[in-house]
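Each remark here refers to the structure printed beneath this line.
Order of appearance sets the numbers: ligands from 1, and atoms from 1 within every ligand. Quick note: residue numbers are just sequence positions, from 1.
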Amino acid sequence: MATYRKCKKLFQDATKVIPGGVNSPVRAFKAVNSEPIFIDRAKGAYLYDADGNKYIDYCLSWGPMILGHARTEVLTQVKKVMAKGTSFGIPTELETQLAGMIVRAIGSVEKVRLVSSGTEAVMTAIRLARGCTGRDKIIKFIGCYHGHVDSLLVQAGSGAMTLGSPSSPGVPKDFTKHTILLPYNNTEMLARAMNKYQDRIAAVIVEPIAGNMGVVPPREGFLKTIRKLCTGSGSVLIFDEVITGFRVKYGSVQDIFGVKADLTCLGKIIGGGFPIGACGGRAKLMNKLAPTGQVYQAGTLSGNPVCVAAGIATLKLLKSKAIYSGLDRATGKLCDGIGQALTERGTEHTINRIGSMFTLFFNAGPVTDYVSAARSDTKMYAKFHPAMLREGVYLPPSQFEACFLSARHTQKDIDRTIIAARRAKL
Ligand code: KE4
């Protein structure tokens, strides 16, 4: 029987010096009415907590660890680069190399600005869209989360949804008055809003596959309609691919849906587990960023050579090893197995999946937007999560997040996870 004695002590110590004992709210396990485990180490598909408990990890640091934890090829490159110094605040060739890999991987991206987080990537894209169009209004979709940038922290997904605080205190009304909220997958309301605000909309920002209300794929035609309306009104189309970038395929999901974004935000996987973000797009737009243009943004550690080295090593492996078809097959088997296990238990559920990102909703389904996602039985999820933890399976500690597979998850791991879903005490 797993014990969490050390984890409990570490959590108590942490809460004395860190708000809530965590450095990001969704890690606090509040949505599953438990206390967080504290990780000692990780390797491949596995986490090991301070009490020595081992887990098969389906959160993968919220997405980045697609190659598995502590991947040798990545760490070798990181160590090599670190030995030459870790931060200069002066350009390095490595940044050009990573930016070049992203440009070659994503057809709509001609130039890239590297930053240190997904939030910064989105902040850059929003400011650039407003700077280039001279407009103020931004359309975002309810349940999508784009980092904790003030103007978008309204009815956001992820932690904001989990914590049930649609708009965070501390964000002045003035900062969100230009943010228009629409239901995801609703092309009719989008058309009405675009028609109403016409030439006042700087940008539409969207997660092309939503991951922050749980995984919600775009309905047929949804993304193409956004593209058409943005083109018609001169608004910038921003794809927030912080989760989907290099997750579902090498590069962007824009190829899958046949839609080219004007700006693309990236993060997570392109840093291989190190702090990173990126905003990329057509050179005409990107050149409006300082120092070539007037739109200001900056960052002491933007393009940090150690983070960039991890990103380069990660993308090289992703490109060379044809990992994606295997990930897709394995995730399909896992989801089928979990679905069957819960059906046999008579537990109402639906699973949304694209490639190696999926969400098990305790919900009859279909889950197609925030309203349907919010109908999920979060109490049931709050029982399932700790029960799976005791079975040695680590899922995201919230119903409204995405699960991920890595290249290191084996058939044995999948089989064990399915058995755990069958045995988990609900
Ligand atoms: P960061 O600033 O956390 O690097 O990225 C913000 C962000 C932007 N866009 C999308 C689509 C994202 O999913 C995120 C961050 N994702 C959450 C989990 N869904 C990070 C976990 C956390 O907040 O601790």
Between CD on residue Glu241 and CD1 on residue Ile269, distance to nearest 0.5 Å: 10.5 Å
Nearest option to atom 5 (O) of ligand 1, as decided by whichever heavy atom of Gly214, Gly118, Gly267, Gly271 sits closest: Gly118
Numbered atoms and elements of ligand 1 in range of Val26, under 4.0 angstrom, heavy atoms: 22 (C), 24 (O)
Ligand 1 atoms in contact with Thr119 (distance to a heavy atom under 4.0 Å): 1 (P), 2 (O), 5 (O), 6 (C)
Val242 and ligand 1 - part of the residue with a heavy-atom distance under 4.0 Å: side chain
Numbered atoms of ligand 1 (with element) below 4.0 Å of Ile243, judged on heavy atoms: 13 (O)
Proximal ligand 1 atoms for Ser117, defined as those under 4.0 Å from one of its heavy atoms: 2 (O), 4 (O)
Check: Ser252 side chain, Gln254 main-chain N or O, donor-acceptor pair, under 3.5 Å: yes
Ligand-residue contact atoms, ligand 1 with Asn212, heavy atoms, under 4.0 Å: 10 (C), 11 (C), 12 (C), 13 (O), 18 (C), 19 (N)
Best match, Glu120, His146, Glu401, Lys268: closest heavy atom to atom 16 (N) of ligand 1: Lys268
Cationic N near anionic O, under 4.0 Å, Asp57 to Arg408: no
Ring centre gap for Tyr324 and Tyr250 strictly below 6.0 Å: no
Contact atoms of ligand 1, heavy-atom distance to Ser24 under 4.0 Å: 22 (C), 23 (O), 24 (O)
Side-chain donor or acceptor of Arg353 paired with backbone N/O of Gly355 under 3.5 Å: yes
Trp62-ligand 1 polar pair, N/O distance under 3.5 Å: no
Heavy-atom gap Glu241 to ligand 1 smaller than 4.0 Å: no
Set of residues satisfying side-chain hydrogen bond (donor to acceptor under 3.5 Å, both in side chains) with respect to Arg135, sequence neighbours excluded: Ser235
Any N/O pair Glu207/ligand 1 closer than 3.5 Å: no
Pair Phe222 and Phe141, ring centroids less than 6.0 Å apart: yes
Sequence-distant partners of Thr92, side-chain hydrogen bond (donor to acceptor under 3.5 Å, both in side chains), two or more places apart: Glu95
